[in-house]
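Residue numbers begin at 1 in each chain, while the letters A, B, ... track the order of the sequences.
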Protein chains: 2
Amino acid sequence: MSSCDTCVVRNRAICAGLDNAELVTLNAIGRRRTIAAGEPLIWEDDDSLLVANVIDGVLKLVTSTEDGREQIVGVAYPSDFIGRPFGQTTKASVVALTEAKVCVFARRDFDRFAGEHPALEHKLLERTLAELDRTRSWMMLLGRKNAAEKVATFLLEMADRLDDNRGCQAAAGPATRFALPFSRQQVADVLGLTIETVSRQFSRLKADRVIDLPSRRDVEILDRRALTAQAG
Amino acid sequence: MSSCDTCVVRNRAICAGLDNAELVTLNAIGRRRTIAAGEPLIWEDDDSLLVANVIDGVLKLVTSTEDGREQIVGVAYPSDFIGRPFGQTTKASVVALTEAKVCVFARRDFDRFAGEHPALEHKLLERTLAELDRTRSWMMLLGRKNAAEKVATFLLEMADRLDDNRGCQAAAGPATRFALPFSRQQVADVLGLTIETVSRQFSRLKADRVIDLPSRRDVEILDRRALTAQAG
DNA sequence: GTGCTGATTTGACCGGGATCAACGCGGGAT
DNA sequence: ATCCCGCGTTGATCCCGGTCAAATCAGCAC
């Protein structure tokens with residue numbers, strides 16, 4: 001994606017308000033990095049050594065119990081910020097779901113830079129508050145929605161988020177057809193369900209002609225109204 | 001609590017780094033307010049008109065579906081910040097669980113003040129990041145833990161948080177005996193369970209001599225090790 | 001004290017989603 | 001083409017936690 005070539009400059013979300021000299025400095029301390037699908041970038045409960053900026057691709061934030069249960073607690077799309085600035089340890093692993101391009105900063109460097117550039121901290125605060133809102137509405141889903149509502153809500157959010165982030169161009173309304181960056185197991189880990197339940201809900205929605213599943217990873221929303229109704 | 005008399009000055013969490021003149025200005029735009037138990041301060045999906053600083057008491061942040069299901073998505077204790085700065089609408093209602101003292105700011109005033117005082121924004125960013133971490137670990141609980149694990153985790157967190165916030169004095173390790181600020185229904189709303197299930201888990205823990213329930217709102221942890229084991 | 005009211009506990013039963021198991025499909029290697 | 005192998009789907013059964021109902025308890029007014 002040519003307009004995303006430089007590491008940070010094009011990231012309007014983080015960089016709005018920074019002047020050119022500041023952007024040059026920020027670029028200087030960041031390092032471009034490509035992560036293969038399935039590769040981790042940050043480990044749960046590790047020292048918080050790096051933070052990063054997603055340029056392209058999708059990553060999951062995941063926590064797990066000793067006995068192997070996983071819960072995906074967040075999903076990072078292009079222009080999202082990942083990692084834990086101003087903190088000693090990370091509380092979630094970050095793993096690439098697709099091949100991902102990120103701009104990595106040593107946390108200490110980033111913290112220092114941020115402390116000296118209030119405009120950056122302000123943007124970061126706004127994003128963090130928005131992420132907190134999103135996370136809280138996901139709690140509603142996990143705690144109070146049934147399997148059908150969870151899957152419908154998930155598909156609608158997917159359509160929105162994947163569209164919002166189609167490269168650097170302007171958004172063009174929610175997508176009706178898209179490639180899921182998740183396996184069935186990962187969908188289950190997002191929704192607090194099992195793989196079998198997710199599969200059954202997908203099959204049911206397909207049988208009811210609410211969605212179509214042209215291939216394992218592709219979804220087409222046929223009846224957005226019905227899907228919205230089922231999201232509760 | 002005498003050392004908390006002024007509205008903002010004593011709130012180390014938000015105000016560290018502000019000089020005296022700044023504190024005076026911030027105090028000037030805030031208004032002290034007492035909320036009776038059960039009274040709302042902020043409504044879900046409303047315009048974001050005010051933000052506030054908790055001085056004393058406990059409040060819940062709650063979202064609900066049209067059909068009346070509720071999920072508590074956060075709990076605010078003294079020194080916590082509530083409301084949605086830099087945003088048009090609020091995504092959760094805020095309701096006092098106990099009588100609560102808060103320092104209320106018109107959001108516009110607060111936003112402007114924050115924009116002019118990077119030290120305040122920095123503190124707010126740190127708190128928001130910490131809250132996001134806490135919220136994400138709560139997602140693990142909602143999505144992947146069973147009823148016994150949820151209740152055990154809840155009691156342990158309660159003991160920690162209530163102790164951390166005993167007035168303005170220093171913490172003295174997690175409490176073993178405390179008054180729950182929640183009704184059984186509210187515990188259920190935090191954990192994504194029903195009131196009956198919560199009650200049964202409490203009864204079971206009492207029968208197993210892991211906790212004691214001297215009265216409906218009081219809890220005493222008799223066997224912290226066992227409780228920790230059950231938290232998963 | 002009695003009676004009222006709402007919260008909590010306890011019991012009986014049921015169902016949604018988990019679990020266990022078998023099967024199908026599709027893409028890659030050869 | 002065939003064989004794998006991992007992912008996904010479908011079926012059968014089970015059980016945890018929800019639902020409905022009744023009993024009990026704690027305040028509070030009088």
Side-chain angles (χ1 to χ4, degrees), chain A residues 36-38 60 65 67-71 97-98 140-155 179-208 210-219 230 232, chain B residues 36-38 60 65 67-71 97-98 140-155 179-208 210-219 230 232:
Chain A
K60 66 174 180 177
T65 54
D67 61 342
R69 287 173 284 179
E70 284 204 352
Q71 176 67 49
L97 293 178
T98 62
M140 172 82 226
L141 173 141
L142 287 174
R144 292 297 184 205
K145 289 191 176 180
N146 63 27
E149 293 170 323
K150 284 180 177 181
V151 170
T153 307
F154 171 81
L155 288 172
L180 272 185
F182 299 101
S183 68
R184 292 288 184 272
Q185 180 61 62
Q186 287 159 348
V187 176
D189 287 340
V190 171
L191 299 177
L193 296 172
T194 58
I195 185 174
E196 294 93 334
T197 300
V198 171
S199 179
R200 274 185 256 270
Q201 293 299 328
F202 273 45
S203 299
R204 189 182 54 75
L205 287 170
K206 183 179 181 180
D208 294 351
V210 176
I211 62 170
D212 190 28
L213 300 168
S215 82
R216 288 182 166 181
R217 288 294 186 113
D218 292 312
V219 177
Q230 298 210 20
Chain B
K60 65 173 178 178
T65 54
D67 61 343
R69 286 174 284 179
E70 284 205 351
Q71 177 67 46
L97 293 178
T98 63
M140 173 81 226
L141 173 141
L142 288 174
R144 291 297 184 206
K145 289 192 175 181
N146 63 27
E149 293 171 323
K150 284 181 177 181
V151 170
T153 307
F154 171 79
L155 288 173
L180 272 184
F182 299 101
S183 69
R184 292 289 184 273
Q185 180 61 62
Q186 287 160 347
V187 176
D189 287 340
V190 171
L191 298 178
L193 295 171
T194 59
I195 185 174
E196 296 92 334
T197 300
V198 171
S199 180
R200 274 186 257 269
Q201 293 299 329
F202 272 45
S203 298
R204 188 182 54 74
L205 287 171
K206 183 179 180 180
D208 294 350
V210 176
I211 62 170
D212 190 27
L213 300 168
S215 84
R216 288 183 165 181
R217 287 295 184 115
D218 292 313
V219 178
Q230 298 210 18

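Atom CZ of A:R69 and atom C1' of C:dT19 are 14 Å apart (whole Å). As a whole-Å value, the separation of B:D189 CG from D:dG18 C1' is 14 Å. Counting to the nearest Å, the P atom of C:dG17 and the CD atom of A:Q201 are 7 Å from each other. Spacing between atom NZ of B:K206 and atom P of D:dC25 amounts to 11 Å, rounded to whole angstrom units. The nearest whole Å value for the distance from the CG atom in A:L180 to the P atom in D:dG8 is 10 Å. Across the protein-nucleic acid pair, B:D67 atom CG and D:dT19 atom P stand 11 Å apart, rounded to whole Å. Between the CG atom of A:L205 and the C1' atom of D:dT9 there is a distance of 15 Å, rounded to whole Å. Here D:dC28 presents its P atom at 12 Å from CZ of B:R216, a figure rounded to the nearest Å.
Taking side-chain N and O atoms only, B:S183 has no distance below 4.0 Å to OP1 or OP2 of C:dA7. Between A:T197 and C:dG16 there is no side-chain polar atom (N or O) within less than 4.0 angstrom of OP1 or OP2. Regarding contacts with the backbone of C:dT19, every side-chain N or O of A:T194 stays at 4.0 angstrom or more from both OP1 and OP2.
With contacts defined as side-chain heavy-atom distances shorter than 4.5 Å, the pair A:Q71/A:L142 qualifies.
Residue A:R184 is classed as a sugar-phosphate contact, given heavy-atom separations below 4.0 Å to backbone atoms only.
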List the steps, then state whether salt bridge (charged side-chain N to carboxylate O under 4.0 Å, His left out) holds for B:D189 with B:K60. CA-CA 10 Å; B:D189 287 340; B:K60 65 173 178 178; 5.2 Å; no

Please walk me through it: do B:K206 and B:D208 pass salt bridge (charged side-chain N to carboxylate O under 4.0 Å, His left out)? CA-CA 5 Å; B:K206 183 179 180 180; B:D208 294 350; over 6 Å; no

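Closest-nucleotide positions on DNA chain D for A:F202 and A:R144 were compared, and the one nearer the 5' end corresponds to A:F202. Comparing A:G192 and A:S215 along DNA chain C, the residue whose closest nucleotide (by nearest heavy atom) sits nearer the 5' end is A:G192.
Distances were taken from every side-chain heavy atom of B:S199 (C-beta onward) to each of C:dT10, C:dG6, D:dG8; the shortest belongs to C:dT10. Listed candidates were C:dC20, C:dG6, D:dA21. Nearest to the side chain of A:E196 is C:dC20. Closest to the B:R200 side chain, of the nucleotides D:dG8, D:dT10, C:dA12, is C:dA12. Here the nucleotide nearest the side chain of A:A147, chosen from C:dG17, C:dG26, C:dT9, is C:dG17.
Remark: the backbone N or O of A:V198 is not paired with any side-chain donor or acceptor of A:Q201 at under 3.5 angstrom.
Remark: the A:R204 side chain and the D:dT10 base include no donor-acceptor N/O pair separated by less than 3.5 Å.
Taking the six-membered ring where the residue is Trp, the centroids of A:F154 and A:F202 are separated by 6.0 Å or more.
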